[in-house]
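Single-structure report; data block below.
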Amino acid sequence: MDWPFSTLLIGGSIYMLYHQSQRLKNLPDLIFSKIGGVLPYKKNNTYEKNDDNYTYDPSRININDIQIGFLVDYNLNTYHAVDHIQYVLNKSHNEERIQLNSGIDELYLFKIKNTSNHSVKIGQKINIYAISDSLDTDIFLNQKPKSILRYKEKSYFRDKETRGSIYSFRTNKTVSKFVKWDYWDEERTHFLSIIQKDVKNFSAFYGKIVSDSAFSEILPKK
């Protein structure tokens, strides 16, 4: 075998190996898209933000008025609202998530509002592997997490799955799609929420239901 032909053959083999390695690298994303998983945000087929009125009466401010820049007291600490998004499910149901920061502690306020229900949850962001070291694999293989999850020596039971779009109040635009799985303990007082925005982007939250009255001294942004 002459030298130019050998060089060409070796070069072609290296290219084919590289090409196949790239296909294998992207295989999870390809499979995920084929079986209807959550895809990165595209302009079409998304829900728009609900047309809520975010003006407020300074003399009667309540938890529903909290926006980026507001101050609020919770559990003897003062928190600053630093981020605000809305999980838009459809035209009659949405959930807002407000990130609260005290400078030491970080909490997330969830406000759920639909045509028949209003509830408030407070929670913390947690690592998905603190729940299960195979959580992302389970979702990839089964299109959802397991029916029962354990966290802090307590069982949480899958309640529902929701899909929609995420609207950012900071940028005033829809930023991605999502799928979310909500879990509750047996008393339905504490929750786990797992959120997926694409094949490799997960977040999880743990917390409890609270009363509106748990929040006080709500002050608007200056």
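A quick note: this is a predicted structure, and the numbers were derived from the prediction, not measured. All values below were derived from every heavy atom in this structure, side-chain atoms included, with hydrogens, water molecules and symmetry-related copies excluded.
Contact between Ile139 and Phe202 at its shortest, heavy atoms only, is CD1-CE2, 3.4 Å. When all heavy atoms are compared, the tightest approach of Tyr206 to Tyr156 is CE1-OH, 3.2 Å. Shortest non-hydrogen contact noted between Asp138 and Lys146 is OD2-CE, 3.4 Å. Shown here for Leu100 and Val72, the closest heavy-atom pair between the two residues is CD2-CG1, 4.0 Å. For the residue pair Ser203 and Ile128, the shortest heavy atom distance occurs at C-CG2, 4.1 Å. Considering all non-hydrogen atoms of both residues, Pro145 and Tyr183 come closest at CB-OH, 3.1 Å.
Using modelled atom types and a 3.5 Å distance limit, the side chains of Gln124 and Glu106 yield no donor-acceptor pair. Under the 3.5 Å distance criterion, with hydrogens and angles disregarded, no donor-acceptor pair is assigned to the side chains of Ser168 and Asn172. A donor and an acceptor atom, one from each side chain of Glu96 and His84, are located under 3.5 Å apart.
Ion pairing of Glu186 with Lys154 is absent here, as no side-chain N (NZ or NE/NH1/NH2) approaches a carboxylate O to less than 4.0 Å. Ion pair Glu161/Arg163 flagged as a salt bridge, since at least one NZ, NE, NH1 or NH2 atom sits closer than 4.0 Å to an Asp/Glu carboxylate oxygen. Using a cut-off of 4.0 Å between Lys/Arg side-chain N and Asp/Glu carboxylate O, Asp182 and Lys180 are scored as salt-bridged.
For Phe110 and Phe205, the distance between ring centers is under 6.0 angstrom. Checked against the 6.0 Å centroid criterion, the rings of Phe178 and Tyr87 qualify as a close aromatic pair.
Residues meeting the salt bridge (charged side-chain N to carboxylate O under 4.0 Å, His left out) test with Asp136, sequence neighbours left out: none.
With Asn127 contributing its side chain and Tyr129 its backbone, the two residues share a donor-acceptor pair below 3.5 Å. No side-chain donor-acceptor contact under 3.5 Å links Ser211 to the backbone of Ala214. Judged purely by atom type and a 3.5 angstrom limit, Asp105 has no side-chain atom pairing as donor or acceptor with the backbone of Ser102. Put simply, the side chain of Gln196 gets close to the backbone of Asp198: a donor and an acceptor are under 3.5 Å apart.
Atom CD1 of Ile194 sits about 8.0 Å away from atom CD1 of Ile126, to the nearest 0.5 Å. We find the CD1-NZ distance between Ile122 and Lys111 to be 11.5 Å, quoted to the nearest 0.5 Å. Distance check: Asp83 CG to Arg170 CZ gives 5.0 Å after rounding to the nearest 0.5 Å. Here Asn77 contributes atom CG and Ile104 contributes atom CD1; the two are 7.5 Å apart, rounded to the nearest 0.5 Å. Atom OG of Ser147 is separated from atom CG of Asp159 by 12.0 Å, given to the nearest 0.5 angstrom. Atom NZ of Lys208 is separated from atom CG of Asp185 by 12.0 Å, given to the nearest 0.5 angstrom.
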**Request:** Let me see the working for Asp212 and Ile63 under side-chain contact (heavy atoms from CB on, under 4.5 Å), right down to the final yes or no.
**Result:** CA-CA 7 Å; Asp212 291 18; Ile63 193 172; 3.5 Å; yes

**Request:** Kindly indicate, with the supporting measurements, whether the criterion side-chain contact (heavy atoms from CB on, under 4.5 Å) is fulfilled by Phe215 and Val120.
**Result:** CA-CA 11 Å; Phe215 302 89; Val120 177; 4.0 Å; yes

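Ile68 has its side chain out of reach of Val82: every pair of non-hydrogen atoms, C-beta onward, lies at least 4.5 Å apart. Residues Tyr74 and Leu107 are in side-chain contact: their nearest non-hydrogen atoms beyond the backbone lie under 4.5 Å apart. With contacts defined as side-chain heavy-atom distances shorter than 4.5 Å, the pair Lys197/Ile166 qualifies. Side-chain contact between Trp184 and His190 is absent, with no heavy atoms from C-beta onward closer than 4.5 Å. The side-chain heavy atoms of Leu89 and Asn94, taken from C-beta on, include no pair separated by under 4.5 Å.
Judged by the 6.0 Å and 45° rule, Lys121 forms a cation-pi pair with Phe191.
When the side chains of ILVMFWY residues are joined at heavy-atom separations under 4.5 Å, either directly or via intervening members, Tyr108 and Val175 end up in a single hydrophobic cluster.
Residue pairs meeting the salt bridge (charged side-chain N to carboxylate O under 4.0 Å, His left out) criterion with at least one partner in residues 69-80, sequence neighbours excluded, do not occur; the list is empty.
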